Structures are given as C-alpha cells and as structure tokens.
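Report on the following structure.
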Amino acid sequence: MHRDLRGRVVLITGASRGIGRRACERLAKLGAKLALTARSVDDLNKVVGEVRVTGAEVQAFPGDLTKPEDRAQILADVVARFGGLDVLVNCAGVCSFGEFSTSTETIVRRVMEVNFFAQAEMVRLVHPHLLQSAKDAAAGWRPAVVNVASICGRWGIPSMSEHCASKHSFVGLTEALRGEFERYGIDVLLVLPGLVRSDDLNRHLLRNDGKIYLDFEGAQPPDEVATAVVKSLIRNRTEAAVGFVSWCVWMSRRLFPRGVRFFMQRKVWRFAKRER
C-alpha cells in the first residue's frame with residue numbers, strides 16, 4: 001500500500017520541536033494539510049511560519065494535551081478549520097532519567113499523563129472523525145494513527161523506569177487498537193526510536209540523575225526518526241524500529257533475550273564501579 005497524503009488533514013502532537021516538528025516539515029512537502037499542537041505557543045507559531053513559507057496549508061492549535069478541555073477544544077478547532085481529520089500522529093512526550101527508588105509519585109504520574117493517557121485520549125477523540133475519513137475507502141484511502149513510542153516500550157532500560165512504563169503501555173494500547181480498528185478500515189502504526197537527541201534537553205527531561213551512561217548528545221537525530229514516521233505512514237508499516245541501536249534491541253529481544261538482559265545489567269554494574 002502507498003498512502004497518498006495530498007490534501008489530507010494530519011494532526012501532529014508535540015509539533016513545536018523534536019520529532020513532531022521535523023515530521024511536520026516532511027509532511028508539508030507531500031501536500032498534507034497540517035494541524036499542529038503543543039503547549040508552547042511561541043515555538044508552535046514559529047514552526048507554522050516556517051512551514052507556510054513553503055506554500056503548505058498549516059495551522060497552530062496550542063493546548064495542554066493532559067487537560068480534557070484542551071484536547072476537546074483542539075480537535076473541535078481542527079475540524080472546524082479543515083472540515084475533518086484523516087491522520088493523527090502522536091509525537092508528544094517527556095522523559096525521566098533516574099532510578100525508580102529516588103523518584104516521586106508526581107514524576108511517575110506526569111510521565112504517564114503525557115506519554116500515555118493524553119495520547120490514548122487523543123486517539124479516542126479522533127476516532128469518529130477517522131471513521132468519517134474511512135468512507136473514502138473506495139478511492140483507495142485508509143485513515144491512520146501513527147504512535148511514536150520508543151524501544152523502551154519493548155524492553156525496560158535501567159534508570160528509565162517511568163519512561164519505560166509509559167511506553168510499554170503505549171505499545172500495548174497500539175497493538176490492541178490495531179486489531180480493533182481494522183474493522184473500521186483505520187490503520188494503527190507504531191514507530192520505535194532509540195535514544196533521540198533533544199532540541200532542549202532540560203525541557204524534555206523531568207530529571208537527569210540516572211545511574212547508567214547514556215550519550216544524550218550523541219543520540220540519533222530527530223530528523224532520522226521523523227523520516228521513519230513519514231515513511232511508515234506512506235508505506236503503511238505496522239511497526240518500525242528506527243536506528244541501529246533500536247533495531248538491535250528490537251531483534252535481540254526476540255533472538256537473545258538473556259543477552260539483552262545481561263547487557264542492561266552490565267551498564268548498571270559499570271556505572272556503579274566508576275562511582276566507587
């Protein structure tokens with residue numbers, strides 16, 4: 001299947017920076033009509049201004065996805081502006097880097113709210129509009145939800161316990177919805193990046209005191225992940241592990257689970273040894 005996005009309305013969450021911003025730039029070149037949402041009004045408007053220069057039809061819909069009233073208002077405004085919705089791309093997210101024993105309930109709940117509950121409720125809200133979009137099936141069109149999770153959703157990473165919990169939940173939801181939405185002619189796709197370089201690490205991380213070594217500066221660029229997101233949408237790829245590290249973990253957990261477990265434990269041991 002090859003999904004033609006020309007003239008299709010695509011709602012992207014977390015669009016003010018990182019993966020969401022880069023995905024927006026790529027989708028604009030394919031002729032999609034773009035609805036962008038994020039909390040940062042200034043950053044969002046900057047992206048809209050830059051994309052409009054290319055001639056794309058794009059509009060900002062700022063709001064906090066963890067608030068039910070904001071979610072409802074964003075979707076209502078998108079539908080009023082564009083007349084419907086064809087694709088949802090869930091890119092919003094935060095991360096907590098630190099051991100669970102030194103975390104707090106506030107951090108756990110914040111990570112789950114942003115990375116899971118907000119995204120899940122967005123899928124629920126857009127479902128009726130994707131159903132309407134699916135009526136174009138005769139023209140070879142299938143609406144879609146693209147959930148950008150993490151390889152952390154396939155294997156738990158030490159010092160990223162809250163992040164892994166939220167991504168495992170997101171992956172499980174995605175797999176369940178894929179089966180449920182098939183009867184409606186709606187595709188549910190999953191993208192699994194590894195560690196992604198952040199535009200602003202301090203804003204992305206709720207805390208940064210993990211007990212393993214992670215090279216945040218040398219992580220895979222968001223452009224690489226955004227390209228994979230767009231390719232998954234166009235080619236209708238059910239699940240895509242993005243980047244060498246992510247692919248290795250994804251494949252190794254199937255073939256050599258003990259090896260992956262040993263590797264994760266070794267990272268903890270080595271960090272503890274350096275600390276001593």
Side-chain angles (χ1 to χ4, degrees), residues 10-27 34-48 51 58-75 77-78 85 87-97 107-127 144-153 160 162-174 177 188-193 195-206 222-223 225-226 228-230 232-233 242:
V10 181
L11 172 59
I12 305 175
T13 70
S16 63
R17 61 176 65 87
I19 300 168
R21 176 173 183 164
R22 273 72 169 189
C24 168
E25 295 167 352
R26 285 155 176 75
L27 290 169
L34 300 170
L36 311 182
T37 186
R39 287 184 302 163
S40 176
V41 178
D42 292 340
D43 290 344
L44 201 58
N45 287 334
K46 182 178 179 181
V47 176
V48 169
V51 174
V58 57
Q59 185 70 43
F61 300 90
D64 185 345
L65 295 182
T66 64
K67 297 180 179 179
E69 61 273 18
D70 281 21
R71 292 194 297 264
Q73 189 63 58
I74 288 167
L75 186 57
D77 291 345
V78 169
L85 181 66
V87 176
L88 170 66
V89 181
N90 269 322
C91 290
V94 295
C95 183
S96 170
F97 182 49
I107 290 176
V108 175
R109 290 186 178 277
R110 180 61 182 170
V111 173
M112 291 299 296
E113 282 288 347
V114 176
N115 291 359
F116 177 70
F117 290 111
Q119 317 284 8
E121 290 307 316
M122 284 302 295
V123 176
R124 192 197 311 277
L125 280 175
V126 304
H127 182 247
V145 174
V146 184
N147 287 334
V148 182
S150 167
I151 195 60
C152 291
M160 300 189 75
E162 301 100 342
H163 189 69
C164 291
S166 67
K167 296 302 184 178
H168 268 75
S169 299
F170 201 28
V171 168
L173 176 71
T174 302
L177 293 182
V188 184
L189 313 177
L190 180 64
V191 178
L192 301 171
L195 186 65
V196 181
R197 193 181 310 153
S198 176
D199 290 339
D200 187 343
L201 188 61
N202 291 329
R203 294 176 68 174
H204 182 68
L205 284 177
L206 298 182
D223 299 88
V225 183
V229 168
V230 176
S232 292
L233 182 56
V242 185

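This is a predicted model, so every value here is computed, not measured.
- Residues passing the side chain to side chain contact (heavy atoms under 4.5 Å, CB included) test with Glu121 are Arg71, Arg124, sequence neighbours excluded.
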Notebook entry, point to check: Does the pair Val89 and Val229 meet the rule for a side chain to side chain contact (heavy atoms under 4.5 Å, CB included), with working shown?
Noted result: CA-CA 9 Å; Val89 181; Val229 168; 4.0 Å; yes
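- Remark: Asp43 engages Arg17, Arg203 in a salt bridge (charged side-chain N to carboxylate O under 4.0 Å, His left out) (not counting sequence neighbours).
- Under the rule for a side chain to side chain contact (heavy atoms under 4.5 Å, CB included), the partners of Leu195 that lie at least two apart in sequence or sit in another chain are Leu214, Phe216, Ala219.
- The nearest pair of heavy atoms linking His163 to Cys152 is CD2-SG, 3.8 Å.
- Between Leu233 and Ala144, the closest heavy-atom pair is CD1-CB, 3.9 Å.
- Side chain of Gln59 to backbone of Val78: no donor-acceptor contact under 3.5 angstrom is found.
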Problem set entry | Stepwise side chain to side chain contact (heavy atoms under 4.5 Å, CB included) check, Phe170 with Asn115 | CA-CA 8 Å; Phe170 201 28; Asn115 291 359; over 6 Å; no
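- With values rounded to the nearest 0.5 angstrom, Ser166 atom OG is found 9.0 Å from Met160 atom CE.
- The two atoms that bring Val242 and Val225 nearest to each other are CG1-CA, 4.0 Å, heavy atoms only.
- Of the candidates Ile12, Ile19, Val48, Val230, Ile12 is the only one forming a side chain to side chain contact (heavy atoms under 4.5 Å, CB included) with Cys24.
- Here the shortest heavy-atom pairing between Lys167 and Val148 reads NZ-O, 3.8 Å.
- Listed for the Thr37 side chain is no donor-acceptor partner under 3.5 Å among the backbone atoms of Pro62.
- Although no hydrogens or angles enter the test, the distance criterion places a donor-acceptor pair under 3.5 Å between the side chain of Asp64 and the main chain of Thr66.
- The closest side-chain donor-acceptor pair between Glu162 and Ser96 falls under 3.5 angstrom.
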